[in-house]
Peer 1: 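My questions all concern the structure below.
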Amino acid sequence: RQAPQFPQNDVAGKKIAAGICGILLGALGIHKFILGYTTEGIIMLVVSLLIGIPTCGLGFGILGIIGLIEGIIYLTKSDEQFLNTYVRNKRGWF
């Protein structure tokens, strides 16, 4: 059975959108939702709110750093590496 084909511009668009959202809105998990990782996105959103509010933003900051790192990783991968890692193999974290 042949693997599904993904249009190259769709992969590049997702990569850029997820990378920028990871860098700017990483604590909210928006980049996870863009990639179709609903569970991981909800985890980041809920944890950042539940831990961030009582710790005066510390939890939000920690998850923001995680999102920043993931965004940079997304943007530094080639389109083919991004496709294989995050679209085909569904790697949800880092």
Side-chain angles (χ1 to χ4, degrees):
R1 182 176 166 193
Q2 185 176 1
Q5 298 296 315
F6 298 95
Q8 199 64 23
N9 58 349
D10 287 352
V11 172
K14 272 192 173 190
K15 180 178 96 167
I16 292 169
I20 290 172
C21 285
I23 291 169
L24 299 177
L25 304 168
L28 300 175
I30 304 299
H31 59 294
K32 299 293 188 183
F33 291 110
I34 289 172
L35 294 175
Y37 301 144
T38 306
T39 303
E40 290 87 344
I42 291 171
I43 289 169
M44 287 189 79
L45 180 61
V46 169
V47 169
S48 67
L49 294 176
L50 290 179
I51 294 176
I53 292 170
T55 61
C56 297
L58 181 64
F60 194 82
I62 292 170
L63 285 172
I65 292 170
I66 291 171
L68 173 71
I69 292 168
E70 287 183 330
I72 291 168
I73 289 170
Y74 296 161
L75 293 174
T76 57
K77 287 190 177 287
S78 71
D79 289 349
E80 188 63 33
Q81 289 173 321
F82 182 84
L83 174 69
N84 289 330
T85 305
Y86 300 106
V87 178
R88 289 189 180 136
N89 295 329
K90 297 286 186 188
R91 183 174 173 190
W93 299 99
F94 291 100

Peer 1: Looking only at non-hydrogen atoms, find the nearest pair between Ile66 and Met44 and report the distance.
Peer 2: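 Minimum heavy-atom contact is CG2-CE, 4.3 Å.
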Peer 1: Sequence neighbours left out, what pairs pass salt bridge (charged side-chain N to carboxylate O under 4.0 Å, His left out) with at least one residue falling in residues 45-65?
Peer 2: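 Not a single pair qualifies under salt bridge (charged side-chain N to carboxylate O under 4.0 Å, His left out).
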Peer 1: What residue pairs, at least two apart or across chains, pass salt bridge (charged side-chain N to carboxylate O under 4.0 Å, His left out) with a residue in residues 48-62?
Peer 2: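 For residues 48-62: none.
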Peer 1: May I ask you to list the residues sharing a hydrophobic cluster with Ile72, side-chain cutoff 4.5 Å, ordered by chain and number?
Peer 2: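 Result for Ile72 is Ile16, Ile20, Ile23, Leu24, Leu25, Leu28, Ile30, Ile34, Leu45, Leu49, Phe60, Leu68, Leu75.
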Peer 1: To the nearest 0.5 Å, tell me how far Thr76 OG1 sits from Lys15 NZ.
Peer 2: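 Thr76 atom OG1 to Lys15 atom NZ measures 8.0 Å (nearest 0.5 Å).
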Peer 1: Treat each ILVMFWY residue as a node, draw an edge where side-chain heavy atoms are under 4.5 Å apart, and state whether Ile65 and Trp93 are in one component.
Peer 2: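 Hydrophobic grouping puts Ile65 with Trp93.
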Peer 1: According to a 4.5 Å side-chain heavy-atom criterion applied to Ile, Leu, Val, Met, Phe, Trp and Tyr, with indirect links allowed, do Phe33 and Ile43 form part of one hydrophobic cluster?
Peer 2: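 Phe33 and Ile43: separate clusters.
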Peer 1: Minimum heavy-atom separation for Gly64 and Ala27, please, with both atom names.
Peer 2: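 Minimum heavy-atom contact is N-CB, 3.6 Å.
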Peer 1: For residues 45-59, which residue pairs pass the salt bridge (charged side-chain N to carboxylate O under 4.0 Å, His left out) check, not counting sequence neighbours?
Peer 2: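 Sorted pair list comes back empty.
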Peer 1: Determine which pairs satisfy side chain to side chain donor-acceptor pair (under 3.5 Å) with at least one residue from residues 32-59, sequence neighbours left out, and list them in order.
Peer 2: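 Listed by first then second residue: Lys32-Glu70.
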Peer 1: Does Leu50 have any side-chain contact (heavy atoms from CB on, under 4.5 Å) partners at least two apart in sequence or in another chain, and if so, which?
Peer 2: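 Leu50: side-chain contact (heavy atoms from CB on, under 4.5 Å) contacts with Val46.
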Peer 1: Considering only residues two or more places apart or on different chains, which pairs with a residue in residues 43-53 satisfy salt bridge (charged side-chain N to carboxylate O under 4.0 Å, His left out)?
Peer 2: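 Found none.
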Peer 1: Give me each pair satisfying side chain to side chain donor-acceptor pair (under 3.5 Å) with a member in residues 18-29, each pair once, sequence neighbours excluded.
Peer 2: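 For residues 18-29, and leaving out neighbouring residues, there are no side chain to side chain donor-acceptor pair (under 3.5 Å) pairs at all.
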Peer 1: So, using ring pair (Phe, Tyr, Trp, His ring centres under 6.0 Å) as the criterion, who are the partners of Tyr86 when residues are at least two apart?
Peer 2: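 Scan of Tyr86 (ring pair (Phe, Tyr, Trp, His ring centres under 6.0 Å), adjacent residues dropped) gives Tyr74, Phe82.
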